[in-house]
Each structure stands twice: as C-alpha cells, then as structure tokens.
Visitor: 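Questions regarding the structure given below will be posed in turn.
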Amino acid sequence: RGERVANLDLVVRRASGSLMTLELNAALGEDRIIYVVARDVTEQRAMEKTFQQHRTLFQIAGSVARIGGWIIDLQQNKAILSDEVCAIHQLPGGSVIDLERVIDLYVPECHKDLRAKLKQCMQQGKDYELRCQALNKSGERIWVRLMGKALRGEDGQVTHVQGAVQDISDSVRAENEVKRLADRLQNTLDSITDAFFSVDTDWRFRYINPQAERVLEREAADLLGQNVWDMFPEARDTELFQRYHLAMNTGESQHIELFYPALQRWLEISAYPFEEGLSVYFRDITDRKQSEERLHTAMSELERSNRELQDFAFIASHDLQEPLRKVQ
C-alpha cells in the first residue's frame, strides 16, 4: 500500500540456532521494489531491558524511601522534577518549574541557606546536603533532605545541577520522640533522690546524675568517659569489685550495703546489668547506720541495766528472806 515500515523489531534465528533482534526499516520504491535496511540491535535491546528493570526498581525504591530526583538547567533556569519529587510536594507529575519557584517550595526560614548553597553549587561546583522543612500544596510542613551535585560541560563549566529530595518526616518524628524520651529519662534520673550512674561494658562512665556527684564528691565532667576502676582505684579492694563483675558476667542484679572507707560513708547499692553495661543506684545510708548503731548501743545498755536490776532484785530478795523468817 506504499506505507513505510519504521523501527520494526523482529526476533530471528541465526543459522547457528541462536536468536537475535533486528530493527527493520522498509519502503516501497518507485520501481515497485521494497528496499529494506536492517541492523542488529540485540545488545542494545538487552541493555534497554536491563535499564528498564533498573529504572523500575529505582522507582519502587524511590516510592518506598520517599526519595526522588531533579535537575536544573542553568541555561533556562528551569528545574525538571521526577514524579517522586512531585508527589512529595503534591505537584502534578512531570512538573518543570522556575528556579525561584523551587526556593518557594521550602519554608522561608530555609531560603537564605538554600540560595547560598545553590549559588555555591552553580558557580563553584560545590556539592551540598541540607535538611530543612518543605511546604506541600496543602500547606503542611514536611521534613526533607536535599542533596545537590554540579554537572560540568566539556569546557569544565557548570551546566546543570542535579540532586535528590527525600521525605524524612517519619525519621525526624522518630528522632524527636527518642529525644523526648531521652530528655524525660534524664530529667527523671536527675530528679530522683537516689544517686545513679551507668557504665558501659568497658567500665567507662556513660551517665552520672547530680545526686551521684554529691555522694561521690566528684564532678560528672571529670568522670564521663573514664574507667570507673581508674577513677576509684581503692574500690578494687572492696566487695564492690566482685559484685559489679558478678552482675556484668552473670546478668544477675546485685544488692549490697557496705562501708566505703574512701568516702567515710555507708552506701546501699543496687547494680542492674543490661545489654550495654551496668546501671547502679546507690544512696548514702550513713545517718541510718549511725542511728542503728546508736539504737544498738542503747539496746545493749538497756539489756545491761535490766540484768543489773534483776541481779539486784535477786540479791535483795535473798537478803530479806532471813529477817522475814525471824519476824514470822
């Protein structure tokens, strides 16, 4: 019918039996002869298939990780956004926007920093990474990570800037929740009446609350990161050394009351092992021990007085028995 055949792929079998892909173009000449041009595109089609598979995987990964790509053409000052980036900002797929409009996608607090980094990247070829908040179409603020990289032409000049945008809102919320819980835990540990410190598996101080500073008569800044046995070498010769190692090695909690000569204090100590080290709660019970000692002394004195009174009563009773018989 005189119609042209353009870019027709045919899979054909070679004489050896293997398959190959040919791209055919055909036209009917004025002499009513069909002229056909064919070229072997087997490797090209295999590469295209592999590329498409990788592109599909990248799209899936981008969708799952909430990450997409963009590129800025410096000649036109236009930014081409991938579908993933458009989804993050709630823009129509395949959007192409002006550079200034790109800046407006983010909260005003970020504009100055973002402009400076883009300028450095476009003029000096300096790569950048920035974490800031973006504004989607509904006005909601979302946390994103921005990454940019300069592309240079043959003359070495920057011609394009490409990069990625990743929605990290879930990650930031998780970080904030972890920080909130950590702050609450620290506030709790700081406010409890018990002294508290924790050490890692190498016996280095990881945390010390103010009450522990008072009891130990040492500043937390001087102890954090230091080995507990190096900072308190006299403790190696006490029952503490055995009990702490027993807790760390067996995973069993240890509870003990002892007199610590270096501090001239009685301490009540509870050591709780956990995966990353040992948590130790302790309190100064010197006043209680002194009260118990005074009570013990008083009880001993009372018992002695009672014995003396009983002895006196026995002697007095014995001495009065003879006169009473005579009176009788």
Side-chain angles (χ1 to χ4, degrees), residues 1-99 101-102 105 118 121-122 124-130 134 144-168 170-171:
R1 297 195 299 270
E3 297 177 3
R4 287 180 176 273
V5 175
N7 303 323
L8 173 65
D9 280 4
L10 288 180
V11 178
V12 299
R13 191 180 304 278
R14 295 187 179 94
S16 62
S18 62
L19 298 179
M20 66 184 298
T21 302
L22 295 179
E23 182 185 76
L24 302 181
N25 290 274
L28 181 65
E30 293 180 357
D31 54 3
R32 303 297 297 171
I33 294 176
I34 298 176
Y35 294 90
V36 181
V37 176
R39 65 190 181 103
D40 184 354
V41 294
T42 306
E43 292 185 4
Q44 180 181 338
R45 293 296 182 264
M47 291 175 61
E48 289 174 354
K49 183 177 180 181
T50 300
F51 174 78
Q52 184 60 36
Q53 290 173 340
H54 289 174
R55 184 171 183 273
T56 301
L57 289 174
F58 179 76
Q59 288 176 333
I60 294 172
S63 176
V64 172
R66 297 280 290 166
I67 186 171
W70 52 266
I71 187 166
I72 297 174
D73 186 340
L74 300 188
Q75 295 296 324
Q76 302 181 14
N77 262 3
K78 297 283 188 180
I80 302 171
L81 311 180
S82 72
D83 290 344
E84 291 79 10
V85 174
C86 292
I88 290 173
H89 294 290
Q90 296 180 347
L91 297 172
S95 292
V96 178
I97 61 178
D98 294 333
L99 183 57
R101 175 93 185 282
V102 172
L105 293 174
L118 274 173
C121 190
M122 291 185 292
Q124 304 172 24
K126 187 175 180 180
D127 299 344
Y128 69 88
E129 182 172 338
L130 177 67
V144 296
R145 178 184 289 112
L146 304 177
M147 293 157 280
K149 182 178 180 65
L151 299 180
R152 300 179 184 272
E154 294 181 358
D155 59 358
Q157 298 298 311
V158 177
T159 59
H160 295 77
V161 175
Q162 70 174 10
V165 181
Q166 182 179 19
D167 183 349
I168 58 172
D170 291 342
S171 174

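Computed from a predicted structure; not experimentally measured. The basis for the numbers below is simple: all heavy atoms, side chains too, and nothing from hydrogens, waters or symmetry mates.
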Visitor: Mind checking whether R101 and L91 have side chains closer than 4.5 Å, heavy atoms only?
Guide: yes
Visitor: With sequence neighbours left out, write down each residue that passes side-chain contact (heavy atoms from CB on, under 4.5 Å) with L118, or none if nothing qualifies.
Guide: I72, L99, I103, L114, M122, Y128
Visitor: Closest approach of L22 and M20, non-hydrogen atoms and distance?
Guide: CD2-CE, 3.4 Å
Visitor: Between L81 and C86, what is the shortest heavy-atom contact and its length?
Guide: CB-SG, 3.8 Å
Visitor: Nearest heavy-atom pair of T42 and T21: which atoms, and what distance?
Guide: OG1-N, 2.9 Å
Visitor: Minimum heavy-atom separation for D73 and H160, please, with both atom names.
Guide: CA-CD2, 3.7 Å
Visitor: If you define the side chain from C-beta out and look only at heavy atoms, does anything of N7 sit under 4.5 Å from N25?
Guide: yes
Visitor: Rounded to the nearest 0.5 Å, what separation is found between the NZ atom of K149 and the CD1 atom of I71?
Guide: 12.5 Å
Visitor: Please report the interatomic distance OG(S95) to NE2(H89), rounded to the nearest 0.5 Å.
Guide: 10.5 Å
Visitor: Between atom CZ of R45 and atom CD of E23, what is the distance when rounded to the nearest 0.5 Å?
Guide: 5.0 Å
Visitor: Is there a donor-acceptor pair closer than 3.5 Å between any side-chain N or O of R13 and the backbone N or O of L19?
Guide: no
Visitor: I need the E84 CD to W70 CH2 distance, nearest 0.5 Å.
Guide: 15.0 Å
Visitor: Compare all side-chain heavy atoms of I80 with those of V96 and state whether any distance is below 4.5 angstrom.
Guide: yes
Visitor: For A26 and I34, work out which heavy atoms get closest and say how close.
Guide: CB-CG2, 4.3 Å
Visitor: For R4 versus A27, what's the shortest heavy-atom pair and its separation?
Guide: NH1-CB, 3.5 Å
Visitor: Measure from the side-chain N and O atoms of D98 to the backbone N and O of K78, and report whether any donor-acceptor pair falls under 3.5 Å.
Guide: no
Visitor: Should L105 and I97 count as side-chain neighbours, where that means a heavy-atom distance under 4.5 Å?
Guide: yes
